[in-house]
Number of protein chains: 2
Amino acid sequence: MPKRVDHAARRTEIGEALVRVAGRRGLHAVGMRDVAAEAGVSLRLVQYYFETKEKLLLYGLQQLTERFGERVAARLRAAGDHPGPRAMVEALLMAALPTDEESRTFHLLYTSYAVLAVHDPALAAQPFIKDPDAAEAALAGFLRQAQEAGLLRPGVDPGSEAIGLLAMSAGLGTSILVGQRTPDSATAVFEYHLDRIFRPDQHPAPTRQRRK
Amino acid sequence: MPKRVDHAARRTEIGEALVRVAGRRGLHAVGMRDVAAEAGVSLRLVQYYFETKEKLLLYGLQQLTERFGERVAARLRAAGDHPGPRAMVEALLMAALPTDEESRTFHLLYTSYAVLAVHDPALAAQPFIKDPDAAEAALAGFLRQAQEAGLLRPGVDPGSEAIGLLAMSAGLGTSILVGQRTPDSATAVFEYHLDRIFRPDQHPAPTRQRRK
DNA sequence: ACCATCGTGGTACGTTCGTATCACAACGTT
DNA sequence: AACGTTGTGATACGAACGTACCACGATGGT
């Protein structure tokens with residue numbers, strides 16, 4: 001059977017077009033014709049690779065979360081050079097804030113999908129709700145690790161802190177998105193809260209570099 | 001000039017119908033015909049009292065925030081009998097969580113409007129972004145008041161805590177909305193975080209109320 | 001070399017949406 | 001009592017949307 005084009009690649013292209021145009025004009029305003037135009041293909045092609053709009057949206061959501069997961073993972077790897085779990089925690093929390101265009105788009109579309117999922121069983125069944133759970137587990141892990149290293153103030157519960165910090169990150173992200181708060185102020189709030197979780201550095205130690 | 005019906009009351013009725021049907025099926029899925037049917041009037045009437053759909057949405061948003069503001073105020077008044085500012089803080093934070101149907105609808109629609117506002121200047125110009133600022137100021141006030149009464153742990157900054165708690169409330173609210181978290185678990189997280197802000201009660205004092 | 005299948009374009013169809021138009025009943029003012 | 005304004009119904013219109021249909025070039029298996 002003759003197959004000349006890479007279906008997966010095409011679907012990826014079109015999915016990225018969906019994310020781009022949805023980030024630019026809002027998910028509610030995007031139609032199949034807009035996606036086709038953005039991808040530089042005909043409407044028929046979008047129909048061909050995604051039979052229905054619902055499937056296109058589902059694929060777009062999946063691609064969005066995948067790409068963002070990779071982004072967060074890359075940030076965590078980049079923070080891996082620094083000593084201590086606090087850098088990890090900071091990297092994780094900062095990566096979720098809508099600071100640049102990509103994270104802004106992610107935050108906006110993720111929220112849009114979440115709103116739709118409230119009344120759309122097909123979207124609600126999608127495992128994109130599971131992503132926050134993974135982030136929460138990772139964050140709790142870092143905090144627990146810090147606690148075992150004696151880096152945390154007494155009385156801190158890693159699990160509750162992870163939930164709270166992640167929810168705070170989501171809330172602050174939305175505030176930034178609508179222009180109520182600046183990324184800098186959100187960062188400052190995070191620094192304050194992390195200072196109330198992590199024990200203060202007693203000695204500007206010579207042994208290891210703490211921050212670059 | 002003959003005027004036989006109360007325009008304001010009619011607009012309120014239709015606006016409430018909008019909020020109801022939008023809460024039931026999602027804001028993206030509501031059309032003028034749906035609002036008309038929900039309000040039990042003809043499509044023409046909705047057109048008559050709100051010339052355009054945009055104005056209807058704007059009015060619905062305004063009404064939504066007003067009603068919710070009153071709800072929060074009522075909760076705060078109800079908590080006024082309790083001693084100490086912590087009850088106030090708890091009342092404020094809990095009121096924002098989507099626990100019952102009304103607060104669920106509010107949370108869902110507010111988020112929907114916020115998403116739309118990102119690309120709709122008319123919505124963004126609406127002062128509904130100001131409401132969180134008011135809540136933040138009130139919350140910071142309660143915390144500052146508690147601090148002056150010596151009820152807070154050392155090193156707590158009322159302003160940063162207010163921002164963080166409110167963002168946390170928004171984030172937890174969304175989690176509850178999409179079914180990721182239960183209201184009870186969100187409440188528990190709040191209790192934990194408030195325990196890390198407020199000084200523990202040394203003496204389970206007798207029934208002496210300190211503030212009215 | 002043929003042909004079934006894949007990939008692609010163009011376009012039409014049915015629906016739904018927001019809005020506009022026409023008609024008319026009801027009441028207050030003069 | 002007549003009239004003009006107001007409130008209301010029914011319906012029409014144009015646009016946009018998702019989807020379906022039809023046609024055809026290209027290509028690989030046999």
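Note that this is a predicted model, so its numbers are computed, not measured. Hydrogens, waters and symmetry mates are skipped; everything else that's a heavy atom, side chains included, is used. Reminder, nothing fancy here: chain letters follow the sequence lines and each chain counts from 1.
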Within this structure, what is the [atom1]-to-[atom2] distance between [X] and [N], rounded to whole angstrom?
X        : N       : atom1 : atom2 : answer
Leu56(A) : dC17(D) : CG    : P     : 14 Å
Arg11(B) : dT8(D)  : CZ    : P     : 14 Å
Met32(A) : dT16(C) : CE    : P     : 19 Å
Leu27(A) : dC17(D) : CG    : C1'   : 15 Å
Gln47(A) : dG7(C)  : CD    : C1'   : 14 Å
Lys53(A) : dA20(D) : NZ    : P     : 15 Å
Leu43(A) : dC17(D) : CG    : C1'   : 10 Å
Phe50(B) : dT19(C) : CZ    : P     : 13 Å

If you only use heavy atoms from C-beta on, which nucleotide in [options] is closest to the side chain of [X]?
X        : options                   : answer
Leu45(A) : dT19(D), dT8(C), dC17(C)  : dT8(C)
Arg44(A) : dT19(C), dC17(C), dG10(C) : dG10(C)
Arg10(B) : dT19(C), dT19(D), dT8(D)  : dT8(D)
His7(B)  : dT19(C), dG7(D), dG10(C)  : dG7(D)

For Thr187(A) and Asp184(A), does a side-chain donor sit closer than 3.5 Å to a side-chain acceptor?
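No pair is found: no donor N or O on one side chain lies under 3.5 Å from an acceptor on the other.
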Phe198(B) six-ring centre to Arg86(B) NZ/CZ under 6.0 Å and within 45° of normal:
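Geometry flag: set, cation within 6.0 Å and 45°.
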Measuring to OP1 and OP2 of dT8(C), would you say a side-chain N or O of Tyr48(A) lies under 4.0 angstrom away?
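No, outside the criterion.
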Looking at dT8(D), I'd like to know if its phosphate oxygens (OP1 or OP2) sit under 4.0 Å from a side-chain N or O belonging to Tyr49(B).
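So the side-chain polar atoms of Tyr49(B) do come within 4.0 Å of the phosphate oxygens OP1 or OP2 of dT8(D), strictly under.
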Phe50(B) and Tyr59(B) aromatic ring geometry - parallel, tilted or perpendicular at 30°/60° bounds:
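Tyr59(B) vs Phe50(B) ring planes: tilted.
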Which comes earlier along DNA chain D counting from the 5' end, the contact point of Ser42(B) or that of Arg33(A), where each point is its nearest nucleotide?
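Upstream on the strand: Ser42(B).
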Are more than 12 heavy atoms from other residues, nucleotides or ligands located less than 6.0 Å from atom CD of Gln62(A)?
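Counting neighbours around CD of Gln62(A), more than 12 heavy atoms of other residues, nucleotides or ligands fall under 6.0 Å, so yes.
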Using a strict 4.0 Å threshold on nitrogen-to-oxygen distance, state whether Asp100(B) and Arg71(B) make a salt bridge.
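Counted as a salt bridge, because a side-chain N and a carboxylate O are separated by less than 4.0 Å.
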